[in-house]
Number of protein chains: 2
Amino acid sequence: MQERVPATITQFEERLIDVSDSLPKRLRQCAEYVAANKDRIAVSTVAEMAEGAGVQPSAFMRFCRILGFSGFSEMQRLFRDSYSGGWPDYSTRLKNLREKAEGTPFALLAEFVDVGRASLENLLKTIDAKTLDDAVEALAKAQMIHIIGLRRSFPVASYIAYAFEKMNVPAMLHSGVGGLDNHNAIRPGDVLLAVTFSPYAAETIEMVEAVSSRGIPVVAMTDTIVSPLRKFDAITLSVSEVDFGAFRSLSATLCLAIVLSVAVGTKRSE
Amino acid sequence: MQERVPATITQFEERLIDVSDSLPKRLRQCAEYVAANKDRIAVSTVAEMAEGAGVQPSAFMRFCRILGFSGFSEMQRLFRDSYSGGWPDYSTRLKNLREKAEGTPFALLAEFVDVGRASLENLLKTIDAKTLDDAVEALAKAQMIHIIGLRRSFPVASYIAYAFEKMNVPAMLHSGVGGLDNHNAIRPGDVLLAVTFSPYAAETIEMVEAVSSRGIPVVAMTDTIVSPLRKFDAITLSVSEVDFGAFRSLSATLCLAIVLSVAVGTKRSE
DNA sequence: CGGAATTTGGAATATATGTTCTATTTTGCT
DNA sequence: AGCAAAATAGAACATATATTCCAAATTCCG
């Protein structure tokens, strides 16, 4: 019985198939129940799993052992971690890496590549297809698209402005150069695309507020659902990105920005 | 604080938005972390959630109470019950998504997420650790760092400028606002960080040429080794990004930009 | 600036949950 | 049927985890 412990869900499944032919009654019940309810492993206790399978907890424990784990906890950990890729505390990892002088730039790079990948995967899970459709729809109908995004969000805003220009979409980037406000450039029939992340730039919030009260549609790219933009009835695309200190890996945000640009550009030229 | 306990995820979100305006510091951290990682609640312990939010477990407990639960366990139960598991794993999900949602913005998102991931993976393979070290070294020694990146590279340049500012690194972004050149701001002891990708912006090349001939060190972020910047003896970090149509997913480039910023910022403060 | 109220950190405690052990039952074999 | 080996149930035990409590720090107000 000294097989090595499954390290991935796939290995787990293979092992499950392997053993399931030579199993006594109770353990077979476990195998069948687990096969049919893999997704419950991450969120259940042994007692619950055992009851579901119609066996005693101790029987279920033996079952875990046969699969190669030291116990139920170890098996559960596999499922808990592999759900959502497991990006628990990148920000502390990065902080440590940065503080410890031993962190070479290359190690830092590896870490950030990983963060970016996790963020991208997560993006697919958290973006709601319907909301994305609505956003594209609203922007495609706009006479002119106004873009605002300051400080840490400015790279995103400027990227979108560039992409729109390349796709012949009328757009205006409100960068605040020279402290000019240009609020009056925003007119009925236009749409505002606002990008802001914690700590939210006051100017952005103000602009959304002003524009929203005039009945002009707003599409927002922001983090989480507790963003202050929630107060106004904007179409909100929330992107959660790993950040630490002042830094934010913008992978997911920029990815969404490209998608918006391309989708809107395509739709308008139809 | 005797509100009734949220019975659905939607109610939970509403409650979260309700309270999140009137929350002290630590509890606000909890709210933000939870909003960004709702999916982790089902499979984490209080200790893990607390660590993720950067607070003590006891603080997280108070947070659960404010949301209307008797404790963390009750809140977790809500998420465990409505947990359906996001399997099968990433690659198959992506494939399904693309086939099923063909032509929709969401399919486009899946496409770009994949492109981004590929670019990031590729970055690790193509960046040379030694060159990266040299670049960090050169930038860390600079009196002042001048940053240039125009058109499609501008988001990257502006990101770097922001990051340097936050890390108290003296830096100047040459954005060309108003057609002013500011060549004379670049002085001996300074370093130029140039970002450019095909089709290379003439202004950037010119600046590199001018500066380089004055004996001022240049660090370049560019694509491939055939970039025109090769002519000048700059420290060249080449990033090959996967293109999708006319658009460039900047994931890898921005990732490298963050790494440079953080590494340089850290090194200077040693 | 000083005192009250709130918020916070950390250790102490309670509880739930996983794990092990052993007597008993079942199964397989001759 | 009778014996040995394997499997099982259930209780006892160990550990991980949630929860509470209170002193210290902070913020708020007059």
Side-chain angles (χ1 to χ4, degrees), chain A residues 1-3 5-6 12 16 19-34 37 40-81 83 86 88-89 92 95 199 226, chain B residues 1-2 5-6 12 16 19-34 37 40-81 83:
Chain A
M1 166 129 357
Q2 280 306 352
E3 309 267 346
V5 327
F12 174 88
L16 186 58
V19 299
S20 61
D21 293 326
S22 55
L23 245 34
K25 193 168 156 213
R26 290 284 119 101
L27 297 189
R28 167 167 300 271
Q29 285 173 240
C30 293
E32 276 164 14
Y33 183 74
V34 163
N37 301 281
R40 305 266 22 140
I41 297 175
V43 297
S44 303
T45 65
V46 241
E48 285 163 356
M49 292 302 288
E51 191 188 338
V55 305
Q56 286 284 333
S58 55
F60 201 89
M61 291 292 306
R62 265 177 293 129
F63 172 71
C64 297
R65 285 239 165 90
I66 287 173
L67 253 25
F69 299 98
S70 70
F72 176 70
S73 296
E74 195 176 74
M75 174 166 130
Q76 190 175 53
R77 183 145 40 246
L78 170 63
F79 281 82
R80 288 190 168 175
D81 291 348
Y83 170 73
D89 48 346
T92 41
K95 220 171 282 174
V226 297
Chain B
M1 180 79 40
Q2 278 306 353
V5 327
F12 174 88
L16 186 58
V19 300
S20 63
D21 291 325
S22 56
L23 244 37
K25 190 164 155 223
R26 289 284 117 101
L27 298 187
R28 165 164 300 273
Q29 284 173 242
C30 294
E32 275 163 15
Y33 183 76
V34 163
N37 302 284
R40 289 263 109 204
I41 297 175
V43 297
S44 301
T45 65
V46 243
E48 285 165 354
M49 292 302 288
E51 192 187 338
V55 304
Q56 288 280 337
S58 54
F60 201 88
M61 290 294 304
R62 266 177 290 129
F63 173 71
C64 297
R65 287 238 165 87
I66 286 174
L67 253 26
F69 300 98
S70 69
F72 175 70
S73 296
E74 195 174 70
M75 174 167 129
Q76 189 174 54
R77 185 141 41 246
L78 170 64
F79 282 83
R80 288 194 166 173
D81 290 347
Y83 168 99

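Side-chain atoms are counted along with the backbone in the values below, which use heavy atoms only and exclude waters and symmetry mates. None of these values were measured; they are calculated from a predicted model.
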| task | Would you grab the first and last nucleotide of DNA chain C (5' to 3') that comes under 4.0 Å of any non-hydrogen atom in chain B? | result | dT7(C) to dG10(C)
| Any side-chain heavy atom of V55(B) within less than 4.5 Å of one from Y33(B)? |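 They are not in contact (no side-chain heavy atoms under 4.5 Å apart), so the answer is no.
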Give me the atom names and distance for the closest heavy-atom approach of [X] to [Y].
X: C30(A); Y: A53(A); result: CA-CB, 4.0 Å
X: Y83(B); Y: A42(A); result: OH-CB, 4.0 Å
X: R80(B); Y: V43(A); result: CD-O, 3.2 Å
X: L23(A); Y: V19(A); result: CD1-O, 3.6 Å
X: V46(A); Y: M61(A); result: CG1-SD, 4.0 Å

| field | Approximate separation, where rounding is to 0.5 Å, of S22(B) OG and L27(B) CG | value |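 Here the rounded value is 10.0 Å.
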| Roughly how far apart are E32(B) CD and N37(B) CG, rounded to 0.5 Å? | 11.5 Å
| Proximity to DNA chain C (any heavy atom under 4.0 Å), residues of residues 43-52 of chain A only | T45(A), V46(A), A47(A)
| field | side chain to side chain donor-acceptor pair (under 3.5 Å) partners for R26(A), two or more places apart | value | Q29(A)
| Contact list for DNA chain D against residues 71-78 of chain A - heavy-atom distance below 4.0 Å |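 By residue number: none to list.
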Side-chain donor-acceptor pairs under 3.5 Å in residues 68-78 of chain B, sequence neighbours left out?
residue	atom	partner	partner atom	Å
E74(B)	OE1	S70(B)	N	2.9
Q76(B)	NE2	I41(B)	O	3.2
Q76(B)	NE2	S44(B)	O	2.6

| query | Who pairs with F12(A) by ring pair (Phe, Tyr, Trp, His ring centres under 6.0 Å), at least two apart in sequence or on another chain? | reply |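 Here the qualifying residues are F79(A).
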| query | Taking only residues two or more places apart in sequence or in another chain, which ones pass salt bridge (Lys or Arg N to Asp or Glu O under 4.0 Å) with E48(B)? | reply |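 Expected list: none.
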| said: With heavy atoms of chain A within less than 4.0 Å as the criterion, where does contact along DNA chain D begin and end? | reply: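 So the contact region on DNA chain D extends dA7(D) to dG10(D).
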| said: Roughly what angle, to 10°, lies between the helix axis at the start of the helix from dC1(C)-dG30(D) to dT30(C)-dA1(D) and the one at its end, five pairs per end? | reply: 30°
